[in-house]
Amino acid sequence: MTATAPAAEATVRKSSPGTARGPRRRTGRLRRVGLPYLLLLPALLLELLVHLVPMVIGIVMSFKELTQFYIRDWSTAPWAGLDNYTVSVDFDAPVGKALLHSFLVTVAFTVLSVGLCWLIGTAAAVFMQDTFRGRGLLRALFLVPYALPVYAAVITWVFMFQHDNGLVNHVLHDQLGLTDKPSFWLIGDNSFVALLTVSVWKGWPFAFLIVMAGLQNIPRELYEAAALDGAGMVQQLRRITLPSLRPVNQVLVLVLFLWTFNDFNTPYVLFGKSAPEAADLISVHIYQASFVTWNFGTGSAMSVLLLLFLLVVTGVYLALTSRGRRTAQ
């Protein structure tokens with residue numbers, strides 16, 4: 001009896017710290033796991049407030065007959081149901097036909113702009129991989145269009161595209177003699193070329209920056225081994241560089257697509273409130289339908305349709321790229 005009592009007390013003493021330590025460990029683990037989410041909570045709430053609330057209001061407005069007569073109190077505007085959407089997708093009517101034309105112009109503009117931005121940015125990034133004198137200065141100069149404010153950059157191009165005293169006509173017509181007469185770049189069919197030029201000039205440094213960062217993760221030993229095997233520059237680009245950059249390019253193309261398709265600042269600063277027909281991007285078209293014709297219901301319906309289109313394209317693109325990654329693995 002006397003021998004077993006101290007043993008029992010020792011067992012109790014040994015077990016009690018362990019039982020107290022268990023809840024402490026679980027509490028500490030919960031704090032470590034939950035603290036990052038708790039710190040992110042204010043930013044997440046702010047993001048939802050900034051983006052989600054206007055989006056919900058825009059969706060509600062798309063079902064209302066909201067014109068200039070109800071601007072002061074838009075909640076009193078009568079419900080229109082799906083009439084705004086019906087008008088927007090009726091491609092035989094003037095409103096739907098104009099929206100379809102704007103959509104096709106935006107698709108062509110986006111494909112060309114994203115393709116050229118990626119091509120020029122990738123070529124410049126590959127070229128800058130070699131070490132030469134002045135490479136740092138050249139990198140900084142390449143990033144100037146991306147670092148400039150949009151308004152300052154585009155308004156400079158507006159002066160350069162002037163018909164009488166613009167730099168573009170001075171070089172193409174007066175200096176090189178490539179055109180018979182000075183061209184109008186901000187009106188007519190040439191406005192699409194002008195818009196595409198400004199978009200590519202402004203966007204390719206971002207592609208250059210992302211691709212250049214992706215190239216840093218490719219081991220140099222792969223290029224050295226390929227050179228020893230007799231692979232030239234083109235073969236190294238096809239077999240090593242582009243396959244290694246596939247994850248980077250997938251994200252880059254998606255970001256460029258979303259930015260370019262939704263671009264409003266560039267055409268608005270370049271052409272003003274009414275863009276030429278050849279450069280009538282859908283962002284400016286929705287702005288005109290909302291704030292020029294004062295039909296906010298139809299403009300909101302067009303915005304919702306644009307949102308749905310971008311969601312579908314993004315979902316399909318992510319599904320295809322993820323499937324391609326699994327197949328490659």
Side-chain angles (χ1 to χ4, degrees), residues 104-148 153 192-193 195-263 266 281 309-329:
L104 295 177
V105 170
T106 307
V107 169
F109 165 74
T110 302
V111 171
L112 291 175
S113 179
V114 172
L116 290 174
C117 286
W118 177 84
L119 183 63
I120 298 174
T122 302
V126 172
F127 171 73
M128 296 297 292
Q129 288 301 108
D130 295 333
T131 304
F132 56 89
R133 181 177 297 179
R135 185 177 67 164
L137 177 61
L138 198 57
R139 281 180 176 178
L141 291 177
F142 281 173
L143 295 176
V144 167
Y146 182 67
L148 283 176
F192 183 85
V193 180
L195 178 62
L196 182 63
T197 301
V198 177
S199 177
V200 172
W201 177 84
K202 185 171 60 70
W204 78 264
F206 175 75
F208 162 73
L209 186 65
I210 299 302
V211 174
M212 188 173 62
L215 288 173
Q216 307 302 318
N217 296 324
I218 303 177
R220 300 301 303 176
E221 292 80 6
L222 295 178
Y223 293 101
E224 295 174 358
L228 291 176
D229 291 338
M233 182 182 298
V234 177
Q235 291 180 330
Q236 292 179 14
L237 182 65
R238 289 180 55 193
R239 303 296 183 181
I240 300 176
T241 305
L242 292 181
S244 300
L245 289 176
R246 185 174 298 165
V248 175
N249 285 330
Q250 289 173 352
V251 178
L252 174 62
V253 169
L254 179 60
V255 172
L256 287 176
F257 167 77
L258 294 176
W259 282 359
T260 307
F261 208 96
N262 286 318
D263 190 12
T266 301
L281 298 187
F309 170 77
L310 293 178
L311 288 176
V312 170
V313 172
T314 303
V316 172
Y317 178 82
L318 293 176
L320 292 177
T321 52
S322 61
R323 184 182 301 175
R325 280 198 300 268
R326 288 196 298 266
T327 304
Q329 292 175 356

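Note that these values count all heavy atoms, side chains included, but never hydrogens, waters or copies made by symmetry.
Distance check, rounded to the nearest 0.5 Å: OG1 of Thr122 to CH2 of Trp204 gives 11.0 Å. Between the CE atom of Met212 and the CG atom of Leu143 there is a distance of 6.0 Å, given to the nearest 0.5 Å. Rounded to the nearest 0.5 Å, atoms CG (Leu258) and CG (Asp263) are 12.0 Å apart. Here the NZ-CG distance, from Lys202 to Leu148, works out to 11.0 Å after rounding to the nearest 0.5 Å. Atoms OG1 and CG, on Thr266 and Leu195 in that order, are 7.0 Å from each other to the nearest 0.5 Å.
Ring-centre distance between Phe309 and Phe261: below the 6.0 Å cut-off.
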Please determine whether side-chain contact (heavy atoms from CB on, under 4.5 Å) holds for the pair Arg135 and Gln129, giving the CA-CA distance in whole Å, both sets of side-chain angles, and the decisive distance to 0.1 Å.
CA-CA 9 Å; Arg135 185 177 67 164; Gln129 288 301 108; 5.7 Å; no
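Checked by atom type and distance alone, the side chain of Thr260 never pairs as donor or acceptor with a backbone atom of Phe257 at under 3.5 Å. Using a distance-only test at 3.5 Å, with no hydrogens or angles considered, a donor-acceptor pair links the side chain of Tyr317 to the main chain of Gln250.
Side chains of Val251 and Ile210 form no contact here, defined as non-hydrogen atoms less than 4.5 Å apart. Annotation: side chain of Leu138 is in contact with side chain of Phe142 (closest heavy-atom distance under 4.5 Å).
When all heavy atoms of Leu256 and Cys117 are compared, the closest pair comes out as CD1-CB, 4.3 Å. In plain terms, the two heavy atoms of Trp201 and Ala153 that are nearest each other are CZ3-CB, 3.6 Å. Listed here is the closest heavy atom pair of Ala207 and Trp118: CB-CA, 4.3 Å. Nearest heavy-atom pair, Val211 versus Ala125, reported as atom, atom and distance to 0.1 Å: CG1-CB, 3.7 Å. Listed here is the closest heavy atom pair of Leu245 and Gly214: CD2-C, 3.7 Å. Between Ser244 and Ile240 the shortest heavy-atom distance is OG-O, 2.7 Å.
Note: Phe206 and Tyr146 have tilted aromatic rings, judged against thresholds of 30 and 60 degrees for the angle between ring planes.
Shown are Thr321, Val313, Leu318, Val114; of these, the side chain to side chain contact (heavy atoms under 4.5 Å, CB included) with Leu254 is made only by Leu318.
Relative to the six-membered ring of Tyr223, Arg220 meets both conditions, a distance below 6.0 Å and an angle of at most 45° to the axis.
No more than 12 heavy atoms of other residues, nucleotides or ligands shown are found within 6.0 angstrom of CZ on Arg238.
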